[in-house]
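Every number for a ligand or one of its atoms is a count from 1 in the order of the listing.
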Amino acid sequence: MTPATAQPDLNSIRARLQAIGQTQLLAFADDLDDAGRRALAARLAAIDLERVPQLAKYALTKDTHDATPGKLEPAPYYPCNAASPQRPWNREQYEMAGEALIRAGKVAAFTVAGGQGSRLGFDGPKGCYPAGAVTGKSLFQMLAEQVRAAGAKYGVTIPWRLMTSPLNHEPTIEFFEKHKHFGLDPKQVGFFQQGVLPSFNDATGKMLLAAKDEPATNPDGHGGSLKALYTSGAVEELQALGVEHLSYTQIDNPLVRMIDPVFIGLHAAAPDSSGEMSSKMIAKTDAAEKVGVFCKADGHVRVIEYSDLPAALTNERDERGELRFNAGSPAIHVISLDFVRRLNESPEGFALPLHRAHKKVPHLDLETGELIEPEQPNAIKLETFVFDAIPMCEQSIVLETDRFEFAPIKNADGNDSPATSYVLQTERAAQWLEAAGVRVPRKADGAVDCVIELNPLTATEESELEKADKPDAIASGERIAL
Ligand code: UTP
């Protein structure tokens, strides 16, 4: 029998809540049956209550800008064009190094998929969103097909780990099971959950109630992956399989290269890389583009959020008229498992800085118990960002990639929406097909005049299209999946 002390009980939690001034969380405890009281106690016990006053204080801080380190320089990067006089480098050498690691089973794919997807407003895990420009296949499927394609290409079973959150863990697993893991071996695919942080009333710093038996919480940001990889046992399990590096991607970008030998090779073998955590960058289209920017400060590469980069630097141009701070972050990394282990096993403990977001969070009215759906942001959510671990590396490299690798679906319309992703999916496929001799219809302004979706199992890079089955020409207005 489990000793009674192993179960969190509301009486001991009440004392802890009193000590931190958050007893409103028990406002409806007396209305609950035994199961409800146990559920509430377990949910409260899962929160680091003693840390709540510090979190609440930070949530209410008026300064919305995070402190930026003193002198910022642009971070150096390996240009997309390896022959660029700016910084020539040997692409083939690193491609071979990366390929050798992939073939030897030292690389796993890792996708963070625990977010709330609130901007997209889709009912269900974001990975279930129909993202294929023609087929409407899901983001999960589009990435799964890349893992299959890379496995076939390199003759190896590539493990794929996905981070979910308590919000979407079960529906994510159900979706994979319903779709038979999209042709992957179920043993190849693994899921673990990230942690959560409480959401705070933006005026009082009090934690909110999502239901009578549940405090309002939010996933702890993609930075939570660096902890959850370790605490879930994924690091240990993958290292036992012989994996050394994780190819980190986010679920909302269907064109991200899940396994990129050049990037992996640079991460592992470049002389200025400590092989801990590396990043891709895309050149910003204009100064106003809202992406984090790679900078160098105090000898370390780091990403500064667009809102924290001083305007003078955001707009600064070099002698060629190019933006000096032009390296935008598309959130694509390679992370070594040893690095994740080192962070988590550090004797000083490991924490990433917190970031605040002002959001609409549904919550119970403490007088009536009714659920309030706010029309204006009413709460502060706290999150951590994975890129904040970059300055914790000894040395970290950045590789430029082309714009096509960043086709995210974040908003229902406008920027970074399904519509913009379809255009990028189509344009990339069109350029590859044209290079392989296929006639693709274009309008007078050069825009592609059809919709094309390329299955990763057909090609994950331009050269693979040469041998693939393809038409001689595509008709204007056609919708074609290849
Ligand atoms: P976003 O920052 O775009 O957030 O996540 P989101 O939660 O998906 O969407 P919004 O902001 O509510 O509209 C970028 C990536 O990081 C993952 C997301 O799933 C997405 O792949 N993520 C984000 C997590 O895994 N956990 C989090 O706590 C936050």
Colleague: For atom 17 (C) of ligand 1, what is the closest protein heavy atom, and at what distance to 0.1 Å?
Modeller: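 Closest protein heavy atom to atom 17 (C) of ligand 1: Val112 CG2, 3.8 Å.
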Colleague: Regarding atom 13 (O) of ligand 1: of the candidates His222, Arg119, Gln250, Lys410, which has the closest heavy atom?
Modeller: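 Nearest heavy atom to atom 13 (O) of ligand 1 lies in Arg119.
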Colleague: Are His267 and Phe263 close enough that their ring centres sit under 6.0 Å apart?
Modeller: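 Distance test on ring centres: not under 6.0 Å, no.
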Colleague: Which residue owns the protein heavy atom closest to atom 8 (O) of ligand 1, what's the atom, and how far is it?
Modeller: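 The closest one turns out to be Lys126 NZ, 3.0 Å.
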Colleague: With a cut-off of 4.0 Å, which atoms of ligand 1 are near a heavy atom of Met163?
Modeller: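 Per the distance check, 25 (O).
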Colleague: Please write down residue, atom name and distance for the protein heavy atom closest to atom 26 (N) of ligand 1.
Modeller: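 Its nearest protein heavy-atom neighbour is Gln194 OE1, 2.7 Å.
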Colleague: Under 4.0 Å from a heavy atom of Asp252: give me the atoms of ligand 1 that qualify, with their elements.
Modeller: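 Listed by number with element, the hits are 3 (O), 14 (C), 20 (C).
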Colleague: Please determine whether any non-hydrogen atom of Ala113 lies less than 4.0 Å from an atom of ligand 1.
Modeller: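 Distance cut 4.0 Å: Ala113 passes for ligand 1.
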Colleague: With heavy-atom distances below 4.0 Å as the criterion, list the atoms of ligand 1 near Gly221.
Modeller: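 Atoms satisfying the 4.0 Å criterion: 26 (N), 27 (C), 28 (O), 29 (C).
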Colleague: What residue and heavy atom of the protein are closest to atom 25 (O) of ligand 1, and at what distance?
Modeller: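 Looking at atom 25 (O) of ligand 1, the protein heavy atom closest to it is Gly114 N, 2.8 Å.
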Colleague: Tell me the closest heavy-atom pair linking Pro261 and Tyr154, and the distance in Å.
Modeller: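 Closest approach of Pro261 to Tyr154, heavy atoms only: CG-OH, 3.2 Å.
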Colleague: In terms of residue, atom name and distance, what is the protein heavy atom nearest to atom 12 (O) of ligand 1?
Modeller: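 Result for atom 12 (O) of ligand 1: Ser118 OG, 2.5 Å.
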Colleague: Using distance alone, decide if ligand 1 has a nitrogen or oxygen within less than 3.5 Å of any nitrogen or oxygen in Leu120.
Modeller: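 No, no N or O pair falls under 3.5 Å.
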Colleague: Among side-chain atoms of Gln116 and Asn168, is any donor-acceptor pair under 3.5 angstrom?
Modeller: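 On atom types as modelled, these side chains do not qualify, holding no pair under 3.5 Å.
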Colleague: What residue and atom, counting heavy atoms only, is the protein's closest point to atom 22 (N) of ligand 1, and at what distance?
Modeller: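 Of the protein heavy atoms, Gly115 N, 3.5 Å lies nearest.
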Colleague: Answer yes if the ring centres of Trp160 and Phe176 are under 6.0 angstrom apart, and no otherwise.
Modeller: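 Yes, ring centres under 6.0 Å apart.
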Colleague: Do Lys227 and Gln194 get their side chains close enough for a donor-acceptor pair, meaning under 3.5 Å?
Modeller: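 Looking only at side-chain atoms, Gln194 and Lys227 do not form any donor-acceptor pair under 3.5 Å.
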Colleague: Among all protein heavy atoms, pick the one closest to atom 6 (P) of ligand 1 and tell me residue, atom and distance.
Modeller: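 For this ligand atom, the closest protein heavy atom is Gly117 N, 3.6 Å.
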Colleague: Around atom 7 (O) of ligand 1, find the nearest protein heavy atom and jot down its residue, atom name and distance.
Modeller: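 Nearest neighbour among protein heavy atoms for atom 7 (O) of ligand 1, to 0.1 Å: Gln116 N, 2.8 Å.
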Colleague: Establish, yes or no, whether a centroid distance under 6.0 Å links the rings of Phe294 and Tyr77.
Modeller: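 Centroid distance Phe294-Tyr77: not below 6.0 Å, so no.
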Colleague: Pick one of side chain, backbone, both or neither for how Pro219 approaches ligand 1, counting any non-hydrogen atom pair under 4.0 Å.
Modeller: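 Both backbone and side chain.
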Colleague: Run the salt bridge (charged side-chain N to carboxylate O under 4.0 Å, His left out) test against Glu95 and tell me which residues pass, sequence neighbours left out.
Modeller: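 Glu95: no salt bridge (charged side-chain N to carboxylate O under 4.0 Å, His left out) contacts found.
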Colleague: Write out all pairs satisfying salt bridge (Lys or Arg N to Asp or Glu O under 4.0 Å) with one or both partners inside residues 131-144, taking only residues at least two apart or from two chains.
Modeller: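 Output for this query lists Lys137-Glu145, Lys137-Glu453.
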Colleague: Any side-chain heavy-atom pair from Leu482 and Asn455 closer than 4.5 angstrom?
Modeller: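 Answer no - side chains too far apart.
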Colleague: Have Tyr306 and Glu289 got a donor and an acceptor in their side chains that come within less than 3.5 Å?
Modeller: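 There is no such pair (donor and acceptor under 3.5 Å, judged by atom type) between the side chains of Tyr306 and Glu289.
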